[in-house]
Engineer: 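This structure is in structure tokens; I'll ask about it shortly.
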Amino acid sequence: AGGVAGVCVDLILFPLDTVKTRLQSPQGFRKAGGFRGIYAGVPSTAIGSFPNAAAFFITYENVKSVLPHGSSSYLSPATHMVAASLGEVVACLIRVPSEVVKQRAQVSPSSSTLRILSHTLYHEGIQGLYRGYKSTVLREIPFSLVQFPLWESLKDLWSWKQGHVVDSWQSAVCGAFAGGFAAAVTTPLDVAKTRIMLAKAGSSNARGNVLAALGGIWRTQGLSGLFAGVVPRMAAISLGGFIFLGTYEKTRQLLL
């Protein structure tokens with residue numbers, strides 16, 4: 001169910017993700033490709049989406065099942081936070097290599113995904129594919145700490161109001177609100193992650209220091225730089241939350 005949801009959301013929203021990446025890139029939107037080659041890097045996403053989302057939900061649901069999480073329990077938000085955080089740590093082992101190749105293809109639309117993969121492996125080795133792992137985890141954990149407890153709480157509230165468990169479309173609406181809010185507050189971490197992944201090998205940003213990357217962006221571009229791409233990011237993740245969490249719930253209902 002998680003794998004199906006991941007593929008659906010990533011492929012449908014890929015153009016918005018490309019625009020967001022180019023807005024955040026150091027060379028600027030136009031030099032990074034503008035609106036040209038909007039599907040550059042899509043093969044990397046197509047391959048990585050299913051196992052990445054599946055790994056997240058396997059971890060999320062299993063951790064949730066061993067921790068106290070009843071709707072009446074005051075520990076529920078903490079349970080969802082821990083489960084989502086561990087899910088992201090595991091999923092990022094698959095997501096980061098896919099994301100590195102995808103983002104480099106998005107800002108170099110004339111290069112193929114395979115060429116970027118082979119170039120990264122040749123010049124940087126496997127370590128190059130995991131550049132930005134720490135910054136991605138540091139972005140995803142705060143995001144999940146906001147999104148998943150908020151999603152679960154909104155579902156519980158809606159279920160209580162109507163007297164029965166929410167339908168998959170209602171879960172999707174809750175996911176859209178939770179995702180959009182989480183996207184807005186974690187945008188600076190997303191910008192830092194993008195700069196680290198796109199940095200030239202050997203440069204200061206290539207070392208993967210998130211605080212240094214954030215400091216550099218703040219000094220050169222200020223608040224607007226830290227929130228570069230916030231509108232397409234919020235739009236993509238709100239719509240993504242609707243598709244991802246709605247598809248997940250619907251697929252799970254059909255399978256179970």
Side-chain angles (χ1 to χ4, degrees), residues 1-10 12-13 16-17 20 49-50 52-92 95 136-187 189-190 230-256:
V4 169
V7 170
C8 287
V9 72
D10 284 346
I12 291 169
L13 300 180
L16 268 176
D17 184 70
K20 185 245 350 168
S49 285
F50 192 100
N52 157 40
F56 172 82
F57 274 111
I58 287 169
T59 309
Y60 179 71
E61 295 292 354
N62 274 291
V63 172
K64 225 169 64 164
S65 70
V66 299
L67 295 174
H69 64 283
S71 59
S72 60
S73 173
Y74 63 92
L75 290 174
S76 282
T79 296
H80 298 142
M81 287 178 177
V82 172
S85 299
L86 291 174
E88 292 295 356
V89 170
V90 173
C92 281
R95 182 182 306 149
T136 304
V137 169
L138 287 175
R139 177 199 67 177
E140 295 297 350
I141 287 180
F143 180 87
S144 293
L145 289 178
V146 176
Q147 184 190 32
F148 280 87
L150 185 55
W151 175 55
E152 300 276 11
S153 298
L154 288 171
K155 285 196 302 174
D156 288 343
L157 180 63
W158 203 336
S159 298
W160 174 73
K161 284 275 188 185
Q162 66 185 8
H164 62 82
V165 176
V166 292
D167 298 323
S168 54
W169 72 267
Q170 293 170 323
S171 176
V173 171
C174 295
F177 277 105
F181 181 75
V185 298
T186 58
T187 295
L189 292 170
D190 186 56
V230 66
V231 174
R233 175 169 160 79
M234 280 185 69
I237 293 179
S238 292
L239 189 52
F242 183 89
I243 298 167
F244 184 61
L245 297 171
T247 304
Y248 172 68
E249 291 280 9
K250 187 65 178 176
T251 308
R252 197 171 70 155
Q253 286 170 13
L254 291 172
L255 292 172
L256 299 178

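Just so it is clear, the structure is predicted and the values come from calculations on it, not from any experiment.
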Engineer: Just one of Leu245, Thr79, Val82 clears the side-chain contact (heavy atoms from CB on, under 4.5 Å) bar with Phe148, so which one?
Structural biologist: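 Option passing the side-chain contact (heavy atoms from CB on, under 4.5 Å) with Phe148: Leu245.
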Engineer: Considering residues at least two apart in sequence or located in another chain, which fulfil the side-chain contact (heavy atoms from CB on, under 4.5 Å) criterion with Thr186?
Structural biologist: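 So Thr186 forms a side-chain contact (heavy atoms from CB on, under 4.5 Å) with Pro142, Phe143, Arg233.
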Engineer: Without swapping roles, check the side chain of Ser65 against the backbone of Asn62 for a donor-acceptor pair under 3.5 Å.
Structural biologist: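 Confirmed, Ser65 side chain pairs with Asn62 backbone.
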Engineer: Could you measure the distance from the CG atom of Leu16 to the CE atom of Met234? Nearest 0.5 Å is fine.
Structural biologist: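 Output value for this atom pair is 12.5 Å.
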Engineer: Sequence neighbours left out, what passes side-chain contact (heavy atoms from CB on, under 4.5 Å) with Val137? Give chain and number order.
Structural biologist: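 So Val137 forms a side-chain contact (heavy atoms from CB on, under 4.5 Å) with Val89, Cys92, Tyr133, Ile141.
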Engineer: Excluding sequence neighbours, so at least two apart, what forms side-chain contact (heavy atoms from CB on, under 4.5 Å) with Val231?
Structural biologist: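 Not a single residue meets the side-chain contact (heavy atoms from CB on, under 4.5 Å) criterion with Val231.
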Engineer: Side-chain contact, heavy-atom cut-off 4.5 Å: Phe181 with Val146?
Structural biologist: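 Counting from C-beta outward, Phe181 and Val146 do come under 4.5 Å.
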Engineer: Can you name the ring-ring contact (aromatic ring centres under 6.0 Å, His included) partners of Phe244, sequence neighbours left out?
Structural biologist: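 In terms of ring-ring contact (aromatic ring centres under 6.0 Å, His included), with neighbours along the sequence ignored, Phe244 is linked to Phe57.
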Engineer: Between Lys250 and Ser168, which heavy-atom pair has the shortest distance, and what is it?
Structural biologist: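 Closest approach of Lys250 to Ser168, heavy atoms only: CD-OG, 3.4 Å.
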Engineer: Checking Ser144 now: which residues fulfil side-chain hydrogen bond (donor to acceptor under 3.5 Å, both in side chains) with it, not counting sequence neighbours?
Structural biologist: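 Scan of Ser144 (side-chain hydrogen bond (donor to acceptor under 3.5 Å, both in side chains), adjacent residues dropped) gives Glu88.
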Engineer: Please check if the side chain of Trp151 supplies one atom and the backbone of Ser171 the other of a donor-acceptor pair under 3.5 Å.
Structural biologist: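 Yes, because the side chain of Trp151 sits within donor-acceptor range (under 3.5 Å) of the backbone of Ser171.
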Engineer: Rounded at 0.5 Å granularity, tell me how far CH2 in Trp158 sits from OG in Ser153.
Structural biologist: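 So the CH2 of Trp158 and the OG of Ser153 are separated by 14.5 Å.
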Engineer: Taking only residues two or more places apart in sequence or in another chain, which ones pass side-chain hydrogen bond (donor to acceptor under 3.5 Å, both in side chains) with Asn52?
Structural biologist: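 side-chain hydrogen bond (donor to acceptor under 3.5 Å, both in side chains) list for Asn52, sorted by chain: Arg95.
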Engineer: Taking side chain as C-beta onward, heavy atoms only, is Tyr60 less than 4.5 Å from Leu86?
Structural biologist: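 Answer no - side chains too far apart.
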Engineer: Which heavy atom of Gly2 sits nearest a heavy atom of Ala53, and at what distance?
Structural biologist: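 Answer, listing the atom of Gly2 first, then Ala53: O-CB, 3.0 Å.
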Engineer: What are the two closest non-hydrogen atoms of Ala55 and Val90, and how far apart are they?
Structural biologist: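 Shortest heavy-atom separation between Ala55 and Val90 comes out as CB-CG1, 4.2 Å.
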Engineer: Can you see which heavy atom on Leu138 is nearest to which on Leu189, and at what distance?
Structural biologist: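 Taking every non-hydrogen atom into account, O-CD1, 3.4 Å.
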Engineer: Can you name the salt bridge (charged side-chain N to carboxylate O under 4.0 Å, His left out) partners of Asp17, sequence neighbours left out?
Structural biologist: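 Salt bridge (charged side-chain N to carboxylate O under 4.0 Å, His left out) check on Asp17 returns Lys20, Lys102.
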Engineer: With sequence neighbours left out, what residues match Ser49 under side-chain hydrogen bond (donor to acceptor under 3.5 Å, both in side chains)?
Structural biologist: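 Ser49: side-chain hydrogen bond (donor to acceptor under 3.5 Å, both in side chains) contacts with Asp10.
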Engineer: Could you work out, with side-chain contact (heavy atoms from CB on, under 4.5 Å) as the rule, every residue matching Ala176, not counting sequence neighbours?
Structural biologist: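 For Ala176, the residues satisfying side-chain contact (heavy atoms from CB on, under 4.5 Å) (neighbours in sequence not counted) are Phe242.
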Engineer: Test side-chain contact (heavy atoms from CB on, under 4.5 Å) on Thr247 and Val9; report intermediate values, then the result.
Structural biologist: CA-CA 9 Å; Thr247 304; Val9 72; over 6 Å; no
Engineer: Among residues at least two apart in sequence or on other chains, which ones pass side-chain hydrogen bond (donor to acceptor under 3.5 Å, both in side chains) with Glu61?
Structural biologist: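 Glu61 satisfies side-chain hydrogen bond (donor to acceptor under 3.5 Å, both in side chains) with Tyr248, Arg252 only.
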Engineer: Who are the salt bridge (charged side-chain N to carboxylate O under 4.0 Å, His left out) partners of Lys155, not counting sequence neighbours?
Structural biologist: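 Here the qualifying residues are Glu152, Glu249.
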Engineer: Ignoring hydrogens, what is the shortest heavy-atom contact between Ala184 and Val230? Give both atom names and the distance.
Structural biologist: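 The answer is CA-CG2, 4.3 Å.
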Engineer: Looking at every heavy atom in both Leu255 and Ala1, which two are closest together, and how far apart are they?
Structural biologist: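 That closest heavy-atom pairing would be CD1-N, 4.1 Å.
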Engineer: Which residue pairs pass the salt bridge (charged side-chain N to carboxylate O under 4.0 Å, His left out) test when at least one of the two sits in residues 157-177, sequence neighbours left out?
Structural biologist: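 Passing the test, one end in residues 157-177: no pairs.
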Engineer: Distance from Ser76 atom OG to Lys64 atom NZ, nearest 0.5 Å?
Structural biologist: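 So the OG of Ser76 and the NZ of Lys64 are separated by 9.0 Å.
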